[in-house]
Undergrad: 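Quick one: the structure is below, and I'll ask about it shortly.
Keep in mind that this is a model prediction, so the values were computed, not measured. Just so we're on the same page: letters track the sequence lines, and every chain starts at 1. Hydrogens, waters and symmetry mates play no part in the numbers below; they use all other heavy atoms, side chains included.
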Protein chains: 2
Amino acid sequence: MESQRQAEAGKTVQRQRWKQDPEGVRANILEVALKEFADRGLSGARMDEIAAKTRTSKRMIYYYFGDKDGLYRKVLEQTYRKVRTGEKELMLDHLAPKEALRRLTEFTFDHHSRNPDFIRIVMIENIHHGEYLKHSDLIRGLNQEAISRIEAIYDKGLEQGVFRRGCSPLAIHWLISALSFFNVSNRVTFSLLFGDALHNHAGQLDLRSQVADAVLRFVADE
Amino acid sequence: MESQRQAEAGKTVQRQRWKQDPEGVRANILEVALKEFADRGLSGARMDEIAAKTRTSKRMIYYYFGDKDGLYRKVLEQTYRKVRTGEKELMLDHLAPKEALRRLTEFTFDHHSRNPDFIRIVMIENIHHGEYLKHSDLIRGLNQEAISRIEAIYDKGLEQGVFRRGCSPLAIHWLISALSFFNVSNRVTFSLLFGDALHNHAGQLDLRSQVADAVLRFVADE
DNA sequence: ACGCATTTGTACTAAACAGTTAAAACAAAC
DNA sequence: GTTTGTTTTAACTGTTTAGTACAAATGCGT
């Protein structure tokens, strides 16, 4: 009777037929790992926890990524890549320099705001003295583009006499990054110390516009 | 013969006479722990490592601070307190508003630059969603002062017609903090991606002045 | 039908780690 | 001189953690 039960059970339980989907599995692991690392930090994240949240197993993580560091490295690379490629949609060539710079700034502000996981990974990487980013060649190329984009706008603004001389595109990029980054990275502590006036919904809309003001005023002529 | 050796050794070893210095011991532990947490993060720091670097023992850490979280909490509080009190030296009342704001900005920029451990602790606290700062009442009071200081300068600037209306002291503080903070917090990754033009010695002097420019231009009239 | 890559699942190991135990000895204040 | 808080050791415990062993089965290109 017992064996019959098992036999029936064996029948009803569909033999788990699985597809081969290495890319899907890798992507799923990376997605879960990104969230977990971003949420708890590199040392804080637990491999068992990551494994449990994937649709696959711990065994597969080690199969594809070797060890925890290898996994983190891939998460880091993928995160940078995804965010940077997401920045390319912007068409600013046809706009007047001031308008182009405002759009770029507000776009960056929103973009960082929409990607807190990226911000947190960069924070974590800075905490770890950039030792993983150091050993990743893949990433460096992607970022010069950001500078070129600004340089194009700035040069045009100089020609038209609406921007002052003496600013460097790098410094302008730094300024935009700093404000957009800090807005996300320090949201928690800043809100705790000074209230959420800048970080509730209305506050963010206003702050974005003020950030764009700050950038424009920084490069403005006169 | 062997026992005689031991007896002689027993004589030569000076009975370790020690002083009671609870405050000194606590301070020493906190100092070491700050460096270790700032360097490796909360989960990354090791109690054994901290203990080894103190002039006392692991036992004493637990004697005074209970557990790792308790130690971190005290480090967090002390770090905020030390940095905030270090900001009070500034005498700006007698200066013209523009000059006062420039001095304040450049001071903050330098001050953060001189206290990378503080910056890193704040980063770590943000990574941990501020859960330790949340439960610390001690800290909140210290920070309103920063806003008042700016408000005084801003109001004076309005009276004299050198600042435009419509800026909030909170937003100005946010702006100064963002630029001064980001300069330290993201130094590593920014340098890796874009070179160290802004972060070598000459670059930092220039950047400080540009940051002050940005703040002044943000509030400037016309 | 062959071979290689992929997938499943569980139990395991070895190290790392936070926190404890125990018994003493000493300091300092009263 | 009694009491209370401080300091010294070094071994120890129990848990958490990254990473592995093992064994088998299926997918899929050729």
Undergrad: May I have all residue pairs that pass ring pair (Phe, Tyr, Trp, His ring centres under 6.0 Å) and include part of residues 38-74 of chain A, sequence neighbours excluded?
TA: A:Phe37-A:Tyr72, A:Tyr72-A:Tyr132
Undergrad: Just jot down the ring-ring contact (aromatic ring centres under 6.0 Å, His included) partners of B:His129, sequence neighbours excluded, or say none.
TA: none
Undergrad: Apply salt bridge (charged side-chain N to carboxylate O under 4.0 Å, His left out) to A:Asp21 and list each qualifying residue two or more places apart in sequence or on a separate chain.
TA: none
Undergrad: May I ask you to evaluate whether A:Thr56 reaches the phosphate of C:dT7, defined as a side-chain N or O under 4.0 Å from OP1 or OP2?
TA: no
Undergrad: Tell me whether the side-chain N/O atoms of A:Tyr63 come closer than 4.0 Å to OP1 or OP2 in C:dA5.
TA: no
Undergrad: Only distances under 3.5 Å count here; give the side-chain donor-acceptor pairs of residues 142-153 of chain B to other protein atoms, sequence neighbours excluded, each with its distance to 0.1 Å.
TA:
{"unit_1": "B:Gln144", "atom_1": "NE2", "unit_2": "A:Leu193", "atom_2": "O", "d": "3.3"}
{"unit_1": "B:Ser148", "atom_1": "OG", "unit_2": "B:Gln144", "atom_2": "O", "d": "3.0"}

Undergrad: Take the protein atom CZ of B:Arg40 and the nucleotide atom C1' of C:dA16, then report the distance between them rounded to whole Å.
TA: 14 Å
Undergrad: For A:Tyr64 and C:dT7, what is the distance between atoms OH and C1' respectively, to the nearest whole Å?
TA: 8 Å
Undergrad: Find the distance between CE (A:Met60) and CZ (A:Arg55) and round it off to the nearest 0.5 Å.
TA: 11.0 Å
Undergrad: Who pairs with B:Phe182 by ring-ring contact (aromatic ring centres under 6.0 Å, His included), at least two apart in sequence or on another chain?
TA: A:Trp174, A:Phe181
Undergrad: Test of understanding: with ring-ring contact (aromatic ring centres under 6.0 Å, His included), list the residues that count as partners of A:Phe194, not counting sequence neighbours.
TA: A:Phe190, B:His173
Undergrad: B:Glu49: what forms a salt bridge (charged side-chain N to carboxylate O under 4.0 Å, His left out) with it, not counting sequence neighbours?
TA: B:Lys53
Undergrad: Would you kindly give the CD-to-C1' distance between A:Glu49 and D:dT16, to the nearest whole Å?
TA: 13 Å
Undergrad: Pick base, sugar-phosphate or nothing for A:Phe65, based on heavy-atom distances below 4.0 Å to the nucleic acid.
TA: nothing
Undergrad: When the distance from CD1 of B:Ile50 to P of C:dC17 is rounded to whole Å, what number comes out?
TA: 12 Å
Undergrad: Rounded to the Å, how far apart are B:Ile61 CD1 and C:dG19 C1'?
TA: 11 Å
Undergrad: Do the two ring centres, one from B:Phe118 and one from B:Tyr80, sit under 6.0 Å apart?
TA: yes
Undergrad: Output a table of nitrogen or oxygen pairs between the protein and nucleotides 18-20 of chain D separated by less than 3.5 Å.
TA:
{"unit_1": "D:dA18", "atom_1": "OP1", "unit_2": "A:Ala45", "atom_2": "O", "d": "3.2"}
{"unit_1": "D:dA18", "atom_1": "OP1", "unit_2": "A:Lys68", "atom_2": "NZ", "d": "3.1"}
{"unit_1": "D:dA18", "atom_1": "OP2", "unit_2": "A:Met47", "atom_2": "N", "d": "3.1"}
{"unit_1": "D:dG19", "atom_1": "OP2", "unit_2": "A:Lys68", "atom_2": "N", "d": "2.8"}
{"unit_1": "D:dG19", "atom_1": "N7", "unit_2": "A:Lys58", "atom_2": "NZ", "d": "2.9"}
{"unit_1": "D:dG19", "atom_1": "O6", "unit_2": "A:Lys58", "atom_2": "NZ", "d": "3.0"}

Undergrad: Nearest whole Å is fine: how far is D:dT7 C1' from B:Arg55 CZ?
TA: 12 Å
Undergrad: Taking only heavy atoms on the protein side, list every residue of residues 22-35 of chain B lying under 4.0 Å from any atom of DNA chain D, sorted numerically.
TA: B:Pro22, B:Val25
